[in-house]
Amino acid sequence: MVRLEPRRQHSQAMVYLSPVLAILMTLVVGGIIFAFLGKNPFDALYTFFILPINNSYGISELLVKATPLVIIAVGLAMGFRANVWNIGAEGQLTMGAIFGGGLALYFHDSESILLMPAMFVLGALGGAFWGAIPALLRTRFNANEILTSLMLTYVATLFLSFLVHGPWRNPEGFNFPESRPFPDAGLLPIIYDGTRVHLGTAVAVFVVIAGWLLLSKSVIGFQLRVVGKAPQAARHVGFRQKRMVWFTLLLGGALAGLAGLFEVAGPIGQLQPSISPGYGFTAIIVAFLGRLHPVGILFGGLIMALTYLGGELAQITLGLPNAVTGLFQGILLFFLLACDVLTKYRIRFGSIAAKGRTA
Amino acid sequence: MTGETGTEAMKGAGPAQLEVRGVTKAFPGCLANDDISFRIEPGEIHALLGENGAGKSTLVKIIYGVLQADEGELIWEGKPVTIHSPHDAREMGIGLVFQHFSLFETMTVLENIALAMNDVRDMDALRKQVEEVEKTYGLPLDPDRHVYTLSVGERQRIEIVRCLLQNPKLLILDEPTSVLTPQEVEKLFETLRRLADEGCAILYISHKLHEVKALCQKATVLRGGKVVGGCDPREETAKSMAEMMIGQKLTAPDRGEARKFGDVRLAVSDLSLASDEQFGTDLKGINLEVRGGEIMGVAGVAGNGQNELFRALAGETEQEAAPDSIKIDGKSVAHFGPRRRRRLGATFVPEERNGHGAVPDMSLSENGFLTAFRRMALSAKGLIREVPTKSFADNIIKTFDVRTTGSGAEAGSLSGGNLQKFIVGREILQDPGVLVISQPTWGVDAGAASAIHQALLDLAAKGTAVLVISQDLDEIFAICDSVVVMAEGKMSKPRPMADVSIEEIGLLMGGLHDLEGNATPANDMEVEGGRVGQA
């Protein structure tokens, strides 16, 4: 019989080392999998993790991919800190893209410089709206936000699909399920010429700093942490949990919505049925990889972005299926959670008899 | 001469029931047991004394097979033994009654007993056994009652019956009386004495020294993981044993001159509130008034509505109390949340330190901020003001002699007594008009307890109304000016401490509500409703 026994003291160093350890173990297991697929593991890992970023273009692409991950994960981390489990960032991202992108389509011949800020606002509002639904269901009916936010993701993606197949389809688009391209005024400015690095990347850095301030220096961030760590203490001093549910779901939704808008107004430039390779879900891993800390999330976002790039390259040069990306993300999350558990608990092998009768 | 403290007289009378020889157990960063030796003879009631953190629990866990000693050995009936697990311990004949019960509320007494047995084949046979044990040892219990309908004393009986069914040769009781009325304590002692007469050795762990004195023939005193002495409790005074435990002179709290009471600062009138918890106790028509400068004690057996009362006063309940049922300095606060009550000058210390009064994995600075940020202006424009926050925590640490590495230390890293000093200090330094404190010295070592008592007396002397909810009657007698007793969610009329006896309080704790001179029989309580109102 194997059981977990809480460690009396868990080392603070291990809390920060466990992501590193998890990454190393992911590499080892990844190498083994590549070997089973008949590839030289070292070549494959090189292709997956080094090749994508050994030139400046690669690094710029890394930033492009990390941008939505970091923005979403900072928002999610706020919720996770307060034990609010928003799993539906993908849906909030989609709604943000629909709201903000819809505005760009409505003003498709506009040249106003006000269009972009208005799209920001609507994108955030769209995501917040989609986050408000689970918040309402949780606070009013005590419905589990894990389920409701996740299910709403499918509603949002199908809604987007409906829009681009129907009412918002490009009239000049040869019946492809795509919207019109956004007008120039509705496209994010590129901040580094010759790459796809756009204004959103700068916003992501700002979000990290603001998130850090909010979490560590503000009273509301303090309340979030207390509600998450000791709900009874929070009740004792009157930090209301319901308010935190609303706050974190609205904030997380708004940031995811913003990230969605950045995708459609940035690299994509129009609405189409698929606007995200699962950034909203990957951001969950990013949040935990970054120890729910905005600065850690910045690094976590870069690492997870690399798995997207590596997956693409592995597809092209090694002929591996794109599922390799998801595989690596899954293995990483698995090892991360395992390391976290083992930081807090130790494994004891005891006889079944001894265990079973300890009443 | 480290071992066998005070047992020389018994030597040669055959092998000890249990002898502990040189047991040492180290945890990372702490030597919990350091070369501990003592022996318990068959039929002896042996007290294990020591402050919190002295190593008592570790030692018990080693004897009961939960932990393994790093060094040293256990000699059972003259033979060295290794006890690998509690299962082994029970097989050998060691029974343990825990401080906190492990019972399933929704199951019957018999089912709970069956669950704890190593193997049960026949429920009817078990029922007979249980009834026999109950009769022999005077432990009345209805095997078919559901646990949630039982009093704490009755629940403890289940635990004891569980142990006795295994025919133990050594029974260990860990702080068994902390949840009992004085009358129930006396009943428990009778049972234990009868057991000892039959040759069962009893290891009795307690910090209530007058109980140890009344019950035990021998005591081993632990301090800092070491045996610092042994004695015959019958020949010692409670004070001399306490000093042995803490290793220094004990000073009684200084009550100062007879205090003058001011205006009523905390008033509760006809407060009735359904409990938030499934098996909680509803509050029924609570009345009390605490004046400035007064310390009022709320006595009662645990689970008679004290937690509900605390939560209602602190504003933690989901439901709102009736308007005007709670007033702070004359202002109705029944519809206020905790923050607005605190803004009016009320502060609160809950019973549970970790997770209720403090957040264990946050620093002391942050824990100081937790309840004080409004009153002490530790935040500005929605941001935490780092410097005043840290100096507030430093001030608590200094003023209340909190032993810690500094205000950056996590609250969870402090010992119970030090964390309690920090929490009490945090509320007192906010200069409250009303302080409601629940179990102020629960699980706190004697040194810290006397510091906390003194702090409460000093606070009252400055004109604060203090309400102390406590199960520890000694504590109530030591610091309170008046006392009320809670039983089944009702509250007795307040009595000045000077003209009430411990027996009377004991009877009130058992639910007799009309000791006001008129001889109302006990079973009229439901009719009376305990509403002994006051002006």
K.L.:
Would you say the side chain of A:V227 lies within less than 4.5 Å of the side chain of A:R235, judging by non-hydrogen atoms?
P.N.:
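Answer no - side chains too far apart.
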K.L.:
Determine whether A:S18 and A:T343 make a side-chain contact, defined as any pair of heavy atoms from C-beta on separated by less than 4.5 Å.
P.N.:
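Yes, close enough: below the 4.5 Å cut-off.
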K.L.:
Can you tell which part of B:E366 gets under 4.5 Å to a heavy atom of chain A, answering side chain, backbone, both or neither?
P.N.:
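Both backbone and side chain.
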K.L.:
Give me the ring orientation class for A:H236 and B:F310: parallel if the planes are under 30° apart, tilted from 30 to 60°, perpendicular past 60°.
P.N.:
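Ring orientation of A:H236 relative to B:F310: parallel.
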K.L.:
We want to know whether B:E111 and B:T108 form a side-chain donor-acceptor pair, criterion being a heavy-atom distance below 3.5 angstrom.
P.N.:
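There is such a pair (donor and acceptor under 3.5 Å, judged by atom type) between the side chains of B:E111 and B:T108.
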K.L.:
Taking the six-membered ring for Trp and the full ring for Phe, Tyr or His, determine whether the centres of A:F262 and A:F120 are under 6.0 Å apart.
P.N.:
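Distance test on ring centres: under 6.0 Å, yes.
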K.L.:
Please lay out, stage by stage, how A:D340 and A:R291 fare under the test salt bridge (Lys or Arg N to Asp or Glu O under 4.0 Å).
P.N.:
CA-CA 10 Å; A:D340 282 354; A:R291 310 283 78 184; 2.9 Å; yes
K.L.:
Do any of residues 240-251 of chain A come closer than 4.5 Å to chain B, heavy atom to heavy atom, and if so which ones, in number order?
P.N.:
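Residues of residues 240-251 of chain A touching chain B at under 4.5 Å: A:R243.
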K.L.:
Tell me, for B:F336 versus chain A, whether the close heavy atoms (under 4.5 Å) come from the side chain, the backbone, both or neither.
P.N.:
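For B:F336, neither part sits under 4.5 Å from chain A.
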K.L.:
Quick one: of B:S413, B:S379, B:G337, B:G382, who has the most non-hydrogen atom pairs under 4.5 Å with chain A?
P.N.:
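Most heavy-atom pairs within the cutoff with chain A belong to B:G382.
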K.L.:
Can you see whether B:N367 engages B:E410 through a side-chain donor-acceptor pair at a distance of less than 3.5 angstrom?
P.N.:
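Absent: no donor and acceptor within the cut-off.
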K.L.:
Can you see whether B:T389 engages B:S365 through a side-chain donor-acceptor pair at a distance of less than 3.5 angstrom?
P.N.:
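There is no such pair between these side chains.
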K.L.:
With only heavy atoms counted, which part of B:R342 is less than 4.5 Å from chain A, the side chain, the backbone, both or neither?
P.N.:
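For B:R342, the side chain is the part near chain A, not the backbone.
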